[in-house]
There are 2 protein chains.
Amino acid sequence: MGTKYQGSESEILALNAWIKMKRASNSIQNYINQSLENSGITITQFGTMEMLLHLGPLPQKTISQKMLCSPGNITLVVDNLEKAGFVQRKSNPGDRRYHLIHLTKQGQILVKRLLEKHVKNIVSAFSILSENEQRVFSDYCENLGKHCETKKKESNQ
Amino acid sequence: MGTKYQGSESEILALNAWIKMKRASNSIQNYINQSLENSGITITQFGTMEMLLHLGPLPQKTISQKMLCSPGNITLVVDNLEKAGFVQRKSNPGDRRYHLIHLTKQGQILVKRLLEKHVKNIVSAFSILSENEQRVFSDYCENLGKHCETKKKESNQ
DNA sequence: TAATAATAATTTAATATTGAACTATTGCAA
DNA sequence: TTGCAATAGTTCAATATTAAATTATTATTA
C-alpha cells in the first residue's frame, strides 16, 4: 500500500519510493535500537562513541557532520558523555579553536560491548536482501544522497 | 566512503548499506523540505494535512501511525493546526473515544499549493534512478521494513 | 449484567534538537 | 601588519518529541 496521490506514473513511482524508504528507515532504526535499550545511553551518544572508536579522536564539528545533527546538539552530547566518564575533551595546541574528543578506556569498554549486538542487529536487518542486492541498494542510496546534495547547493545559489 | 568497522564482509556490507541509507534519507529530507520553507508550517503539520487531503477525515491514532510518531505529538500538531484554522476536530457519534480530523477549506487550499512543489521535489530527488530502479528500490525498502517489523515482534515475545 | 480488557486521546515531565547570536581563534588579503 | 572573513564551539530560547500516567469510551467475557 503506497501513496493515494493522484498523479502521473513517474510521480507515483517517486512518492512510493520515498514513503517506503522513510518507513523502512524507521523500522530498521527501531529494530536496531533494541541493542541500546537498558544501556542508559542514547543513539546519538552511541553513534558518537562508535565514531571515536573507529576513527580516533575527533573535533566536535566532524562528529556533528557525520552524525547529521547540529553542533549545539553535539556540545550537549559530549558534555553528558564527559560527565559519565566515557569521553574526554583534550586540548589541541595546533589549533585552539577546537578540542579533540577522546574515548576513555571506560567508554571503549562500553562501546565495544554494545557494538557486538548492534552489528548483529544490522546484519540481521539487511539479511532479507542478498549480498548483491545490498550492494545495489547501497549504490542507489549513495546516488540519491549525492544527487540531492548537489541539487540543494544549486538551488541555494 | 563507508564504515571503518573491522569485520567480516557481510558485516561491512550491511553496515555500509545502513549508513548510506541514513545519509541518503537525510539528504532527501533536507532537499524536499525546501518546499516548506517560509510556509510557516512544519513537516509533521504538512504530512498530516496531506494525509487528510488524500484519505479524508481520520482519527488521530491513524495519523500518528502513518506519520511514525507518538499520539501525544499528534495531539499537539492537531491543536496547532486547529488554532491556525487548517483542520477541525469533528465529533464522531458512532465511537466517542475519538474525533475525526477534517481538513478545512483553508487547509485544503494551503496543502494543495504546497503539494505541487513538494511532489516536484520528490520526483526530482528520485530522478537520479531510472523508473525501473525506483521500482526495485521500493521493493527493497518494503522488504527491509517488513522484515524488521517481523523480527522486532519476534524478539518481544 | 458486571467486571475486565482494550482503545483513543490527552496531559505532564523530561529530553532531544535546532537555529541564531555570541566568543575565541585562525587564515587570508589588502 | 591590520582588518576581515572563516571556522569551531558554546549558549540560549524555542520547538519537537517521547514515554508514562490518566481519563473517557467501547468491547469482551465470565
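Residue numbers begin at 1 in each chain, while the letters A, B, ... track the order of the sequences.
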Computed from five pairs at either end and rounded to 10 degrees, the angle between the axes of the helix from C/dT1-D/dA30 to C/dA30-D/dT1 is 20°
Numerically ordered, the residues 73-80 of chain B set in heavy-atom contact under 4.0 Å with DNA chain D is B/Asn73, B/Leu76
- Name the nucleic acid region contacted by B/Pro59, choosing base, sugar-phosphate or nothing; use a 4.0 angstrom heavy-atom cut-off, strictly under. sugar-phosphate
Show me the side-chain donor-acceptor pairs of residues 96-103 of chain B shorter than 3.5 Å, one per line, residues at least two apart or across chains.
{"residue": "B/Arg97", "atom": "NE", "partner": "B/Asp95", "partner atom": "OD1", "Å": "3.1"}
{"residue": "B/Arg97", "atom": "NE", "partner": "B/Asp95", "partner atom": "OD2", "Å": "3.4"}
{"residue": "B/Arg97", "atom": "NH2", "partner": "B/Asp95", "partner atom": "OD2", "Å": "2.7"}

I'd like a table of donor-acceptor pairs (distance under 3.5 Å, sequence neighbours excluded) in which one partner is a side-chain atom from residues 45-55 of chain A, with atom names and distances.
{"residue": "A/Gln45", "atom": "OE1", "partner": "A/Thr42", "partner atom": "N", "Å": "3.0"}
{"residue": "A/Thr48", "atom": "OG1", "partner": "A/Thr44", "partner atom": "O", "Å": "2.8"}
{"residue": "A/His54", "atom": "ND1", "partner": "A/Glu50", "partner atom": "O", "Å": "3.2"}

In numerical order, the residues of residues 84-102 of chain B whose heavy atoms come under 4.0 Å of DNA chain C are B/Arg89, B/Arg97, B/Tyr98, B/His99
(Q) Quick check: do A/Cys69 and A/Ile74 have side-chain heavy atoms less than 4.5 Å from each other? (A) yes
Can A/Asp139 and A/Asn143 be counted as having a side-chain donor-acceptor contact under 3.5 angstrom? no
In short, side-chain hydrogen bond (donor to acceptor under 3.5 Å, both in side chains) pairs touching residues 76-91 of chain A with sequence neighbours left out are A/Gln60-A/Arg89, A/Asp79-A/Arg89, A/Glu82-A/Arg89
Does the salt bridge (charged side-chain N to carboxylate O under 4.0 Å, His left out) test come out yes or no for A/Lys146 and A/Glu142, once each step is laid out? CA-CA 6 Å; A/Lys146 281 182 184 164; A/Glu142 193 163 1; 3.4 Å; yes
Taken in chain and number order and not counting sequence neighbours, the residues that satisfy side chain to side chain donor-acceptor pair (under 3.5 Å) with A/Lys151 are B/Ser124
Separation between CH2 (B/Trp18) and CZ (A/Phe126), nearest 0.5 Å, reads 6.5 Å
Ordered by number, residues from residues 29-54 of chain B within less than 4.0 Å of DNA chain D (heavy atoms) are B/Thr42, B/Thr44
Residues 6-15 of chain A vs salt bridge (charged side-chain N to carboxylate O under 4.0 Å, His left out), sequence neighbours excluded, gives A/Glu9-B/Arg135
Residue pairs passing the salt bridge (charged side-chain N to carboxylate O under 4.0 Å, His left out) test with at least one member in residues 105-122 of chain A, sequence neighbours excluded, are none
Contact span of DNA chain C against chain B, any nucleotide atom under 4.0 Å from a heavy atom, 5' to 3', runs C/dT7 to C/dT11
With sequence neighbours left out, the residues meeting side chain to side chain contact (heavy atoms under 4.5 Å, CB included) with A/Thr62 are A/Leu58, A/Pro59, A/Lys66
